[in-house]
Amino acid sequence: MQFELTDEERAFQDAVRRFGDRVLRPNERRIDGQGRIPDEVIAGMAELGLLAMPVPSEYGGMGASAVLTELAAEEVGRGDSSMATAVFFLLEAGWGRIFARYGTEEAKREVLPAVCRGRAFLGIATTEPTGGSDLAHLRTTSRKSADGFTVRGEKAFLSGVEEARRMGGGHLTLTRAEEGGFRFLYVPTNGPGRSTQRFENMGRMGISTGAITYTDAPVPAHYLIGADGEGFGRAMEGFTVARTFVSAACVGAAERALETGMRHIKERTVFGRPLGKFEGIQFELADLYAQLEAVKWQCRRAAWLIDTYLDRGGAAQRSEIERTVAAVKLTAPPLAFECVKRVMMWFGAAGYTKDVGLELGLRGVTSYLVGAEGGLNVMRMILGRELLGREFLPYK
Ligand SMILES: Cc1cc2nc3c(=O)[nH]c(=O)nc-3n(C[C@H](O)[C@H](O)[C@H](O)COP(=O)(O)OP(=O)(O)OC[C@H]3O[C@@H](n4cnc5c(N)ncnc54)[C@H](O)[C@@H]3O)c2cc1C
């Protein structure tokens with residue numbers, strides 16, 4: 001067992017933390033207020049290699065391991081606690097990895113360099129107005145055409161719809177193939193047969209959420225991701241990776257909240273002594289810290305398992321990956337929410353103000369409680385399936 005980060009990992013972690021301190025924190029209120037991540041922030045992320053970082057260098061990325069990406073996700077979540085930048089980061093990291101592994105050579109050369117330079121957005125489109133948990137029953141269809149595919153249906157609650165329109169780019173889109181099975185396609189957002197709608201969210205305002213309607217939208221043949229008919233497995237693989245990075249971003253946001261809280265309870269004096277001297281507060285900090293350390297290391301282990309076994313492990317290792325990732329996605333968002341909420345209470349009335357800024361984190365982290373990258377009960381279902389067997393899935 002080796003828990004020490006390598007020199008390279010430590011150096012990159014430090015660099016991303018500095019970027020978080022110098023660029024993300026000073027901009028997070030602006031990101032939230034103006035409803036988009038400023039171009040110079042995205043350019044800074046690109047310069048540091050943070051955009052779609054698992055993509056191999058021949059397509060513009062840095063070929064980062066899941067562990068290195070996880071470390072970066074922690075720092076991005078710590079830097080912009082609204083989570084908008086973290087979402088931008090982790091979608092491109094998780095789905096860029098899938099694109100690079102299963103996309104055609106032509107599509108990778110065409111799309112990925114622009115994504116890695118911050119000139120195009122890459123996201124995921126699985127959820128539909130009729131639901132996001134029960135993906136086996138999704139309704140958006142695709143069929144073969146003379147020069148590729150046509151897509152018909154509607155996807156909803158997609159992150160980055162406006163970004164993909166504005167910057168160019170699109171979403172890896174899971175469809176039901178009329179010829180049988182599931183087809184995973186890269187669908188650029190701009191083009192004939194697409195219309196978009198933006199939803200008004202309560203948090204992570206710097207990245208849009210919206211819907212795309214496809215009315216016989218043409219998609220070139222070379223935008224097929226993976227083998228035709230086997231798109232479901234590719235999408236699930238992407239979720240396994242992306243959920244690890246989501247959890248890492250939650251860890252970063254939670255650590256930042258606790259650091260803010262610790263500074264406060266050392267300084268704030270009530271009843272003649274610092275708040276931190278009271279057991280009621282100190283023990284709360286201890287409990288949160290203990291839980292957070294456990295989740296952080298479980299999250300890093302999930303990334304390590306992905307690097308070590310996702311491609312070459314047998315059934316036992318794949319099950320271990322599924323269990324570990326589901327467990328961190330089940331625990332990291334609620335714990336981050338709890339950390340931010342508790343620290344808010346340590347601040348008393350000031351915690352409720354925008355000046356202290358904890359509300360940004362509370363609104364941002366909530367997106368991962370309600371469902372983004374899979375609801376908490378879906379994580380429980382995965383754990384139930386892996387612990388008890390597939391026959392215990394509720395819909396079997
Ligand atoms: C801010 C935000 C950004 C998002 N970005 C994207 C994106 O980029 N791309 C994308 O495709 N989707 C995205 N989503 C959608 C997300 O993937 C879905 O919210 C999620 O999959 C849950 O689907 P749903 O919202 O339709 O809820 P439903 O599937 O209707 O589920 C509702 C609730 O019931 C629970 N539940 C479901 N099944 C069961 C069961 N069998 N037993 C008990 N409980 C159950 C769920 O956990 C959930 O809490 C985003 C969501 C949010 C909030």
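The structure presented is a predicted model; accordingly, all values stated were derived computationally and were not measured. Read the numbers this way: they start at 1 and go in the same order the structure lists the ligands and their atoms. Note that the numbering runs from 1 along the sequence shown for the chain.
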query: Does Thr126 reach ligand 1 with a nitrogen or oxygen that is under 3.5 Å from one of the ligand's nitrogen or oxygen atoms?
result: yes
query: Which residue supplies the protein heavy atom nearest to atom 8 (O) of ligand 1, what is that atom called, and how far is it?
result: Ser159 N, 2.8 Å
query: Are Glu320 and Arg301 within salt-bridge range, i.e. N to O under 4.0 Å?
result: yes
field: Within 45° cone and under 6.0 Å: Arg234 NZ/CZ vs Phe184 ring
entry: no
Minimum non-hydrogen distance to atom 52 (C) of ligand 1, winning option of Ala372, Gly384, Gly131: Ala372
- line: atom 28 (P) of ligand 1 sits nearest the protein heavy atom Ser133 OG, 3.6 Å
field: Verify atom 44 (N) of ligand 1: protein non-hydrogen atom under 4.0 angstrom away
entry: yes
- prompt: What is the closest protein heavy atom to atom 36 (N) of ligand 1, and at what distance does it sit?
  reply: Asn377 CB, 4.1 Å
Arg268 NZ/CZ over Phe347 ring centroid, <6.0 Å and within 45° of normal: no
- request: Find all atoms of ligand 1 within a distance of less than 4.0 Å from any non-hydrogen atom belonging to Gly375, and give their numbers and elements.
  value: 47 (O)
message: Below 4.0 angstrom, counting only protein heavy atoms, does anything approach atom 33 (C) of ligand 1?
response: no
- request: Determine, for Tyr368 and Arg204, whether the Lys NZ or Arg CZ falls below 6.0 Å from the six-membered ring centre while staying within 45 degrees of the axis.
  value: yes
query: Has Arg300 got its NZ or CZ under 6.0 Å from the middle of the six-membered ring of Trp297, at an angle within 45 degrees of the ring axis?
result: yes
message: Does the residue Gly123 have a heavy-atom contact with ligand 1, meaning some pair of atoms that are separated by less than 4.0 Å?
response: no
task: Give the contacting part of Lys155 toward ligand 1: side chain, backbone, both or neither, where contact means a heavy-atom distance below 4.0 Å.
output: neither
- prompt: In terms of atom number and element, which parts of ligand 1 are under 4.0 angstrom from non-hydrogen atoms of Ala125?
  reply: 11 (O)
- prompt: For atom 49 (O) of ligand 1, what's the nearest protein heavy atom and its distance?
  reply: Val370 O, 4.4 Å
message: Given 3.5 Å as the limit, does a donor-acceptor pair link the side chain of Ser319 with the main chain of Ala315, or not?
response: no
query: If you measure from the Lys or Arg side-chain nitrogens to the Asp or Glu carboxylate oxygens, is any gap between Arg243 and Glu373 under 4.0 Å?
result: no
field: Option of least heavy-atom distance to atom 50 (C) of ligand 1 (set: Phe199, Phe157, Phe239, Tyr368)
entry: Phe157
query: Are any of the heavy atoms in Arg204 under 4.0 Å away from ligand 1?
result: yes
message: Would a single hydrophobic cluster contain both Val365 and Phe157, if residues Ile, Leu, Val, Met, Phe, Trp and Tyr are joined by side-chain heavy-atom contacts under 4.5 Å?
response: no
- line: min-distance protein heavy atom vs atom 20 (C) of ligand 1 -> Gly371 O, 3.3 Å
message: What protein heavy atom lies closest to atom 26 (O) of ligand 1? Include the residue and the distance to one decimal.
response: Gly132 N, 2.8 Å
message: Do the side chains of Arg78 and Glu74 get close enough for a salt bridge, i.e. N-O under 4.0 angstrom?
response: no
- prompt: Do Ile306 and Met236 belong together in a cluster built from hydrophobic side chains that touch within less than 4.5 Å?
  reply: yes
query: Between Met381 and ligand 1, which part of the residue brings a heavy atom under 4.0 Å of the ligand: side chain, backbone, both or neither?
result: side chain
field: Closest protein heavy atom (residue, atom, distance) for atom 9 (N) of ligand 1
entry: Ile124 O, 2.7 Å
message: Which residue in the set Val76, Leu50, Val23 passes side-chain contact (heavy atoms from CB on, under 4.5 Å) when paired with Thr85?
response: Val76
- request: May I ask you to test the Pro188-Tyr223 pair for a side-chain heavy-atom distance under 4.5 Å?
  value: yes
- prompt: So which protein heavy atom does atom 17 (O) of ligand 1 come closest to, and at what separation?
  reply: Thr127 OG1, 3.2 Å
